[in-house]
*Asks:* 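Here it is: the structure, laid out below.
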Protein chains: 2
Amino acid sequence: MPIADLNLLRRAEMFGSLPTEALADIAAAGLPRRLVAGERIFAQGDPGVTCHTLMEGRVKIVQTLPDGTQAVLRFIGPGEMYGTVAALMDQPFPADAIAVTESVELRWGVSNFRELMRRHPEIGVRSTASAGTRLFDLQNRISELSTERVEQRIARAVLRLAEQAGRPTPQGTEIDFPITRQELAEMTGSTLHTVSRTLAAWDQAGVTASARRRVIVRDRAALQAMADH
Amino acid sequence: MPIADLNLLRRAEMFGSLPTEALADIAAAGLPRRLVAGERIFAQGDPGVTCHTLMEGRVKIVQTLPDGTQAVLRFIGPGEMYGTVAALMDQPFPADAIAVTESVELRWGVSNFRELMRRHPEIGVRSTASAGTRLFDLQNRISELSTERVEQRIARAVLRLAEQAGRPTPQGTEIDFPITRQELAEMTGSTLHTVSRTLAAWDQAGVTASARRRVIVRDRAALQAMADH
DNA sequence: CGACTAATTGATTTGCTTCAAATATCGTGG
DNA sequence: CCACGATATTTGAAGCAAATCAATTAGTCG
């Protein structure tokens, strides 16, 4: 297992400050897997029998409602885990996981993962904390969805993405993976039309610079002001 | 500690099938506390230093946004825990907890609770599962808030409440604690006006029977149909 | 160069909020 | 026991944010 993998595992909040030997143990038990852009890693409703950590690339978690409409629940970056809570609970996956770009993941069968938890009990403590962090995030998103207008929610979504997946460029902070107006709409409970109009207005005002599947934040403070007010 | 307490603890998913001696240990470490209706148990932003289980009554968890608008995140019934995730993460409470009716809770200081977890490791396993269940619930609510119309969301909220706090009456299933139009609005991201109009229409159609701070579900199937379509 | 996917942009509609006021219900103290 | 203040609910009217409808245009890729 190459050193790069261990450093990425170290970044995962689930494995955080475990000793290097433990990380090696964990990495060795996992199966690395290459993913092409658009590939579905697991499907909503599938039995949750695998735990995943992203090594490279970007993955989105999308929930589909009975009527076919979709909501993007989160974007995953390197070092983050997904599928794990469902697997540990012996529940079906509550959403699809789809590679947004070409990616590399490490996956474990849930029984192997439980064995790792037994050998490294710290993982158990972290898993509650990790679920807790996401719980709080989701609670905030619910409050936001309940009370804020669409433009604010789009501003927040773009800020969050720039935060977690920002790459500095001469023009500003660029979201470092391709994202469509449709996906931003599915993150914010809006429509691609409204997102398009909103980004167009922001581009006009010099707050953002957007193009096909690309968004650059030029004026973070202005966006933050949109999100707050 | 009276037997009634132990049976209630048994109902808590966190303590589920622990042996009776363990439950007695847990109950003995906790401080019982009587709450009057409307009393605030902890406040959003307070350091999370206590874990709580409800013994009797009903508690609501309410998040307030910077602009003062509120969102009701959940209603707690006997046997359910609250505040625990924040406490275990050494995080401030992300929301207020307020007794809706006269209630009785059992509370632990977080260090005592951690000690209980050490003595009864099963609690740790359960805590992840418990956080996971709520995680999934919240994800569903986000999808719903993102894509459904207000009437559907109100229908879902009423169904959920009838499910978790339903008391059978001659007329149908009554939500067994007082709930205002305002609170239903804060659960669904709507306004008390819209909730009032919606309930009035349902009452008219014989689907519900509502009064001041009371809601009775007379035709569950019809409500379910509203939620689905 | 097509075929496809993504984005834009105008016109129209609508579900829901907001504004405004009246009415109903409850608890409480005189 | 009734009056009165506080809380909760109803209902109408107006306004608006954002969805929907409807084309058109712009990139991208094989």
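Residue numbers start from 1 in every chain, and the chains themselves are labelled A, B, ... in the order their sequence lines are given, proteins ahead of strands.
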*Asks:* Round to a whole Å and report the spacing from CZ of B:R214 to P of D:dT9.
*Replies:*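 Spelled out: CZ on B:R214 to P on D:dT9 is 12 Å.
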*Asks:* Atom CG of B:L184 to atom C1' of C:dT17: distance rounded to whole Å?
*Replies:*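 My rounded result for the distance is 17 Å.
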*Asks:* B:T194 near the nucleic acid: base, sugar-phosphate alone, or nothing, with a heavy-atom cut-off under 4.0 Å?
*Replies:* base
*Asks:* Which atom names give the shortest non-hydrogen contact between B:I76 and B:R58, and what distance separates them?
*Replies:*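 For B:I76 and B:R58, the tightest heavy-atom pair comes out as O-CD, 3.0 Å.
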*Asks:* Ignoring hydrogens and angles, answer whether the base of D:dT11 and the side-chain atoms of B:H193 contain a donor-acceptor pair closer than 3.5 Å.
*Replies:* yes
*Asks:* Look at the rings of B:F75 and B:F177 and say which category their plane angle falls in: under 30° parallel, 30 to 60° tilted, over 60° perpendicular.
*Replies:* tilted
*Asks:* So what does B:L192 hit on the nucleic acid, given a heavy-atom distance under 4.0 Å: a base, only sugar-phosphate, or nothing?
*Replies:* base
*Asks:* Between B:S190 and A:Q182, name the one whose nearest nucleotide on DNA chain C is closer to the 5' end.
*Replies:*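 Nearest-nucleotide comparison on DNA chain C picks A:Q182.
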*Asks:* Whole angstroms only, please: what is the CD-C1' distance between B:E102 and C:dG27?
*Replies:*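 Value for this atom pair: 16 Å.
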*Asks:* How many whole angstroms separate atom CZ of A:R213 from atom C1' of D:dT28?
*Replies:*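 Taking atom C1' of D:dT28 as the reference, CZ of A:R213 is at 9 Å.
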*Asks:* I'd like to know if B:E39 pairs up with B:R33 as an ion pair, taking the criterion as any Lys NZ or Arg NE/NH1/NH2 lying under 4.0 Å from an Asp or Glu carboxylate oxygen.
*Replies:* yes
*Asks:* Can you tell me how far P of D:dA18 sits from CG of A:L145, to the nearest Å?
*Replies:*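 It works out to 13 Å between those atoms.
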*Asks:* A:L199 CG to C:dA6 P: how many Å, rounded?
*Replies:*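 My rounded result for the distance is 16 Å.
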*Asks:* On DNA chain D, check which nucleotide each of B:R197 and B:R181 is closest to and give me the residue with the more 5' one.
*Replies:* B:R181
*Asks:* Can you measure B:Q204 atom CD to D:dT11 atom C1' for me and round it to whole angstrom units?
*Replies:*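 Computing the B:Q204:CD to D:dT11:C1' distance gives 13 Å.
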*Asks:* So, is A:S196 close to the C:dT8 phosphate, meaning a side-chain N or O under 4.0 Å from OP1 or OP2?
*Replies:* yes
*Asks:* Does the distance from a Lys or Arg side-chain N to an Asp or Glu carboxylate O, for B:R167 and B:E174, drop under 4.0 Å?
*Replies:*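 Judged by the 4.0 Å cut-off on N to carboxylate O distance, B:R167 and B:E174 do form a salt bridge.
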*Asks:* Rounded to the Å, how far apart are B:E148 CD and D:dA19 C1'?
*Replies:*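 Roughly 16 Å, once rounded to whole Å.
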*Asks:* Once the angle between the rings of A:H52 and A:F42 is folded into 0 to 90°, is it parallel (under 30°), tilted (30 to 60°) or perpendicular (over 60°)?
*Replies:* tilted
*Asks:* Quick check: on DNA chain D, is the nucleotide nearest B:R212 upstream (toward 5') of the one nearest A:T191, or the reverse? Name the residue that is more 5'.
*Replies:*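 Mapping each residue to its closest nucleotide by heavy atoms, the 5'-most match is B:R212.
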